[in-house]
Amino acid sequence: MHRPRHVLILGGTTEARRLAAELAADPALRVTSSLAGRVAAPRLPAGQVRIGGFGGPEGLARWLREQQVDALIDATHPFAGTISFNAARAAADVHVPLLALRRPGWVAEPDDDWHPVGSLTEAADALPALGGRAFLTTGRMGLAAFAHLEDMWFLVRSVDAPEPPMPARTEVLLDRGPFTVDGEADLLRRYGIDVLVTKDSGAAATAAKLVAAREAGIPVVVVRRPPAPEGVPVAADPAEAVRWLRASLT
């Protein structure tokens with residue numbers, strides 16, 4: 001009797017959970033999802049789950065060998081750049097097929113007032129010329145980039161409470177998507193927001209804020225995605241990832 005083929009999903013995203021649910025239903029597969037552990041109470045996917053880092057590309061390669069992984073799928077957040085490069089190195093070292101599951105980025109509509117930047121630091125530099133009350137939806141990490149903007153007021157939304165350093169004039173809103181356009185529009189009005197800051201994470205679950213900002217005529221500072229490893233095949237959704245996996249394991 002053949003052992004189940006072992007698939008490791010580097011997850012934490014909605015797409016990763018959808019993929020794990022579909023694969024875990026196949027008795028011919030053993031599915032393990034690895035979560036970074038940055039969220040206190042993550043939504044756990046189907047199948048086996050491990051939480052925490054691997055110790056760089058060498059540690060991940062060792063885990064792939066020891067656990068007899070047959071295929072690796074990098075379904076991490078588009079801004080979790082380090083783990084993607086670690087996955088590419090480890091997969092190459094161990095000769096395990098690797099796929100990147102990457103949701104497409106957002107595309108500006110004609111009425112959008114987007115200001116693309118390359119980093120959170122560049123986002124902070126752009127803010128004072130665009131508004132005085134900013135809605136920060138870049139997560140709880142990296143708020144130090146905005147801490148020096150003492151004349152601005154910030155609404156920070158994140159799943160878990162952020163830690164200092166952060167801007168002095170900050171209100172924290174703990175919430176988790178998906179969000180609605182009506183809800184986001186109400187938020188912008190209630191807090192008098194005149195500029196939005198976001199990362200180009202893609203996905204429909206958090207796109208409502210962009211629609212609300214467009215309808216309100218509010219400028220949006222969009223942090224571009226970091227570079228991804230070259231030569232790694234990419235799937236845009238879980239269904240495409242499943243087709244790749246079937247072909248790789250045949």
Side-chain angles (χ1 to χ4, degrees), residues 2-91 93-94 96-103 139-141 158-163 174-178 199 201-206 228-229 232-246 248-249:
H2 296 294
R3 68 172 178 84
R5 310 301 292 277
H6 192 184
V7 181
L8 174 63
I9 301 174
L10 304 177
T13 59
T14 301
E15 292 80 10
R17 289 191 296 273
R18 286 170 51 198
L19 178 62
E22 182 162 351
L23 298 181
D26 186 344
L29 298 176
R30 172 191 168 198
V31 180
T32 301
S33 294
S34 178
L35 309 182
R38 291 181 176 175
V39 176
R43 293 171 175 168
L44 297 180
Q48 298 174 318
V49 178
R50 69 172 303 279
I51 296 178
F54 290 94
E58 296 82 6
L60 176 54
R62 183 167 56 251
W63 200 92
L64 295 175
R65 282 193 298 266
E66 292 175 351
Q67 298 297 320
Q68 296 181 287
V69 172
D70 298 288
L72 174 61
I73 299 179
D74 172 17
T76 55
H77 192 279
F79 282 81
T82 300
I83 185 61
S84 295
F85 281 91
N86 288 350
R89 282 186 52 189
D93 289 346
V94 185
V96 167
L98 167 66
L99 174 76
L101 174 53
R102 289 280 179 272
R103 66 181 77 145
R140 67 187 180 94
M141 313 292 287
S158 63
V159 176
D160 293 322
E163 298 179 357
L174 300 182
D175 204 354
R176 191 199 302 255
K199 294 177 177 178
S201 58
T206 54
V232 177
V234 178
D237 55 48
E240 189 177 344
V242 170
R243 290 193 293 271
W244 172 88
L245 180 64
R246 302 296 184 200
S248 297
L249 297 182

>> Using 0.5 Å steps for rounding, measure from the NE2 atom of His77 to the CD atom of Glu15.
In response: 9.5 Å

>> Counting C-beta onward and ignoring hydrogens, is there a side-chain heavy-atom pair between Thr14 and Arg18 closer than 4.5 Å?
In response: yes

>> Per the salt bridge (Lys or Arg N to Asp or Glu O under 4.0 Å) rule, what does the pair list look like for residues 20-36, sequence neighbours excluded?
In response: Asp26-Arg246

>> Give me each pair satisfying salt bridge (Lys or Arg N to Asp or Glu O under 4.0 Å) with a member in residues 67-86, each pair once, sequence neighbours excluded.
In response: Arg3-Asp70, Arg5-Asp70, Asp74-Arg102

>> If the condition is side chain to side chain donor-acceptor pair (under 3.5 Å), which residues does Thr32 pass it with, not counting sequence neighbours?
In response: His6, Gln48

>> Please find the pair of heavy atoms, one from Ala20 and one from Ala46, that lie closest to each other, and give the distance.
In response: CB-O, 3.8 Å

> Going from CG on Leu19 to CD1 on Ile9, what distance comes out if it is rounded to the nearest 0.5 angstrom?
Replying inline: 4.0 Å

> Say you draw a straight line from CG of Leu10 to OG of Ser33; how long is it, rounded to the nearest 0.5 Å?
Replying inline: 9.0 Å

>> Looking at every heavy atom in both Leu101 and Pro238, which two are closest together, and how far apart are they?
In response: CD1-N, 3.9 Å

>> Walk me through whether Val94 and Val69 qualify under side-chain contact (heavy atoms from CB on, under 4.5 Å).
In response: CA-CA 10 Å; Val94 185; Val69 172; over 6 Å; no

> According to the salt bridge (Lys or Arg N to Asp or Glu O under 4.0 Å) rule, which pairs have a member within residues 49-66, sequence neighbours left out?
Replying inline: Glu58-Arg89

> What's the shortest heavy-atom distance between Asn86 and Pro57, and which atoms?
Replying inline: OD1-CD, 3.3 Å

> Just wondering, do Ser34 and Phe54 contact through their side chains at under 4.5 Å, heavy atoms?
Replying inline: yes

> CG/Leu98 to OG/Ser248 distance, rounded to the nearest 0.5 angstrom?
Replying inline: 10.0 Å

> For Leu29 and Pro4, which heavy atoms make the closest approach, and how far apart are they?
Replying inline: C-CB, 3.9 Å

>> Restricting to salt bridge (Lys or Arg N to Asp or Glu O under 4.0 Å), what partner residues turn up for Asp93, sequence neighbours left out?
In response: none

> How about Ser158 and Leu174: do any of their side-chain heavy atoms sit closer than 4.5 Å?
Replying inline: yes

> Please walk me through it: do Leu245 and Leu99 pass side-chain contact (heavy atoms from CB on, under 4.5 Å)?
Replying inline: CA-CA 8 Å; Leu245 180 64; Leu99 174 76; over 6 Å; no

> At their closest point, which heavy atom of Phe79 faces which heavy atom of Ser201, and how far apart are they?
Replying inline: CE1-N, 4.0 Å

>> Using only atom types and a distance under 3.5 Å, with no angle test, would you say the side chain of Thr13 pairs donor to acceptor with the backbone of Ala75?
In response: yes

>> Holding to salt bridge (Lys or Arg N to Asp or Glu O under 4.0 Å), I want the full list of residues that pass it with Arg17, two or more places apart in sequence or in another chain.
In response: none

> Minimum heavy-atom separation for Ala24 to Gly47, with atom names?
Replying inline: CB-N, 4.1 Å

